[in-house]
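Because only heavy atoms are used, hydrogens play no part in the values below, and waters and symmetry mates are left out as well, while side chains stay in. All of these numbers come straight from a predicted model, not from anything done at the bench.
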Amino acid sequence: MAWGKKKSGGRKEPTFGLGAALSDLRLTADDRVPGGGDDRPKKAPKREPAEKPRQTRSSSKARSKRRGGFGRGLKRMVYWGAVLGLWAAILIGGAIVYVGAHLPPIQSLEIPKRPPTIQIVGMDGTVLTTRGEQAGDNVALKDLPPYLPKAFIAIEDRRFYSHWGVDPIGIARAAAANLMHRGVSQGGSTLTQQLAKNLFLTQERTMQRKLQEVELAFWLERKHSKNQILELYLNRVYFGSGAYGVEAAAQKYFGKSAKNVTIAEAAMLAGLVKSPSRLAPNRNPEGAEARAKVVLAAMQDAEFITAAQAKGSAGAPQYNVKPVGAGTVNYVADWIGEVLDDLVGQVDESIVVETTIDPKLQSFAEGAIIDELAAKSVKFNVTQGALVAMTPQGAVRAMVGGRNYADSQFNRAVTAKRQPGSSFKPFVYLTAIESGMTPETIRQDAPIDIKGWKPENYTHEYFGSVTLTQALSMSLNTVAVRLGLEVGPASVVRTAHRMGISSKLEANASIALGTSEVSMMELVGAYAPFANGGYAATPYVVTRIRTVEGKKVLYARRNDAPSAVIDARAVAAMNTMMQQTILSGSAKKAELPGWFAAGKTGTSQDFRDAWFIGYTSQLVTGVWLGNDDNSPTRKATGGGLPVDIWSRFMKVAHQGLQPEPVPGLAPSSAFSTNPIGQALSSLLPGTNSMVPQQQQQPPQRELPPERGYVPSAPVYNGYRAQPNDVPTQANYPAQQRQRAQQQNVRPEAASGIDGWLSERLFGR
């Protein structure tokens, strides 16, 4: 039941409990105490007026609540902002501590040493090349033209003199530019940060490295002045192509000191810092020049140069850029790099390597190979060549390992192994001489069959009975094979190894024709004993290694004690035989006026390799031509292009030198004019010093021999009567028939090399 209300229709469910009892409890007018004698019942107040005060009070409370909520929200924001700021400070502090913990102790940091360089110098002290990370001399800031450091400031760090190592404005500007370009178009690192990275850190792109860079930048700014930092930066920044510092870069790219660079060259150097490898002017001149124009514009914008200077430098720049190192001296440098570890171990400081290389001879050798191949490589289908020239004692004076180092760094003079062909035959003949034969010993040049193998001569002709001198000078294959089998292939291998060949040689019948592969360096070195009187000669190029700053000698080559590998009589015999190769044999195109020379040509199977190794008393020089893929040439023989290259090089190399005798060959006039020289020369075969001057007559010029004539070795020089059995154009056919009928008997020991030498000295 409700008070003051009509009963509402419909059923109402009863409710129970205290809540139900109080739910309809409400005061009415009848419950009020009447006053003023007015006991009339008053009308109940209208609901609307009665409810207005309640609405006003609740609105006020809401407004008050809203004001209290805003204050409480502001307080909460301040509170949580402080909390978050505190945690951020803790995190930043922790990050700084973590980054600092992974740095070397700041108090122990020092400017690190420059990266070690290897400076290679020639025998005259001139610098041939520099290997390793090339670092130029430190250049003081005051010694540089003012526009050079300003170029770096203009393009890399315009606010360098106003920040404390880190430039927030620059970082913000770079971030905005990167957002606009949707990529990394600008960097925010200062010069100080770049220096910190270059000196102490790696190039990895990580947040930890960036924080370390910032921390070290602040340390550098506190420890050094701005000018000191700028000077360090210019002397340590990387410019590509292995050049560190402006001095090394200027020398590398322009061939001049950084003190003398022009405005245009300074702008190009400053532009390289962005991408040294990609913009190196000797590899990408167009890109480097375009970047230099950007630097010039930045310098003008910063008012470091005038508009006229910027226009003049960008309009007609004078870039005297040196080409990429393609010189063949780099083959020498590579060879030195291979042996350096064995000589001094790991290199941790800059060193100077003094070598036996003669820069002039190196240049001559390079020119001879390049020019001759340029003129004749297409004709003979030859793409590569190599040359080695050394003294008879083994000091390498020049080495060309290929046609062009920039195209191919493979060293064909040291690393490549090829078949030497007939240039290996001297070791066969030396073995025969040491077994008792002489240059006059007769052997048959005729077809031969060895278990189905039928070696032939190059001309497919056979000359019957010939002397060893004739056989060697004409490079007759059948005689070489017969000699090899006669003395034994194993004996030939032992002789070659004793002379200096280090490669593995197969002791079979074909060894006489040079079928086992050898390197050019070891083959030329194995010829050196013929030129020095029979002593072992190990090829070498390094004489001394010292430090740059301390002048400390790390290595000095000791001269080896002379070790005879050939008897002097065998040396004389071999030189007499190999001289004939040049005078009338397969290398008769080799010309060296005024000098006594000897040597041997070689051509491998199918004309794949063409060789000539020749020597004088001054130099032993070998030339090889062929193709890297071992494809056949177009009939390039050892007596052709290799002899041309050898003659061209040797003529220039011997200019201004006094001719001296090769052991066993006729000595020079200066050698035979004094009594001691005459006495010594009388022991050498083929000399005329024992004959009175008035009895000496110049030899008569003979007509060219007819086809089939094989000349003999000139064991006499025309000043004495020749023995009756020396072949001439007139009597050679009759002698050939007579010798063919004689039994081919190996000489007895009494008539061997000793008898041959006695006969040459004293006659029969």
Query raised in the report: If you round to the nearest 0.5 Å, how far is CZ of Arg412 from CD of Gln384?
Result: 3.5 Å
Query - Close side-chain approach of Asp124 to Pro359, heavy-atom, < 4.5 Å - result: yes
Query raised in the report: Is there a side-chain contact between Val273 and Phe239, using heavy atoms and a 4.5 Å cut-off?
Result: yes
Query raised in the report: Considering residues at least two apart in sequence or located in another chain, which fulfil the side chain to side chain donor-acceptor pair (under 3.5 Å) criterion with Glu522?
Result: Ser502, Ser503, Ser519
**Report entry** Salt bridge flag under 4.0 Å for residues Glu517 and Lys417
**Finding:** no
Report task. Taking all non-hydrogen atoms of both residues into account, name the closest pair between Ala413 and Ala386 and its distance. Result -> N-CB, 4.2 Å
**Report entry** Leu387 to Ala365 - nearest heavy-atom pair and separation
**Finding:** CD2-CB, 3.7 Å
Query raised in the report: Of Ile263, Val295, Ile305, which meets side-chain contact (heavy atoms from CB on, under 4.5 Å) against Ser313?
Result: Ile263
Report task. Specify the closest pair of heavy atoms between Ala258 and Leu148, including all atoms of both residues, with the distance to one decimal. Result -> O-CD2, 4.0 Å
Report task. Verify the neighbour count for atom NZ of Lys259: are there more than 12 heavy atoms of other residues, nucleotides or ligands below 6.0 Å? Result -> no
Query raised in the report: Do the two ring centres, one from Tyr331 and one from Tyr405, sit under 6.0 Å apart?
Result: yes
Query - Side chain proximity check, Leu361 to Phe649, heavy atoms < 4.5 angstrom - result: yes
Query raised in the report: Can you find a pair of side-chain heavy atoms, one from Thr621 and one from Arg397, that are under 4.5 Å apart?
Result: no
Query raised in the report: Side-chain donor-acceptor pair under 3.5 Å between Glu349 and Thr547, yes or no?
Result: no
Query raised in the report: Can Asp629 and Ser631 be said to form a side chain to side chain donor-acceptor pair (under 3.5 Å), step by step?
Result: CA-CA 5 Å; Asp629 60 0; Ser631 60; 2.7 Å; yes
Query - Side-chain touch Met521/Met399, heavy atoms, less than 4.5 angstrom - result: yes
Query raised in the report: Does any non-hydrogen side-chain atom of Phe254 lie less than 4.5 Å from one of Thr262?
Result: no
Query - Salt-bridge contact Lys274-Glu156 (side-chain N to carboxylate O under 4.0 Å) - result: no
Requested in this report: Would you kindly say whether Gln362 and Thr328 are connected by a side-chain donor-acceptor distance under 3.5 Å?
Outcome: yes
Query - Minimum-distance pair of heavy atoms, taken over all atoms of Gln309 and Thr306 - result: OE1-N, 3.0 Å
**Report entry** Heavy-atom side-chain proximity of Val541 to Val353 below 4.5 angstrom
**Finding:** no
Report task. Identify the two heavy atoms, one from Gln194 and one from Ser189, that lie closest to each other, and give their separation to 0.1 Å. Result -> NE2-O, 3.7 Å
Query raised in the report: Should Lys150 and Glu303 count as side-chain neighbours, where that means a heavy-atom distance under 4.5 Å?
Result: no
Query - Closest approach of Met268 to Pro281 (non-hydrogen atoms, all atoms of both residues) - result: SD-CB, 3.6 Å
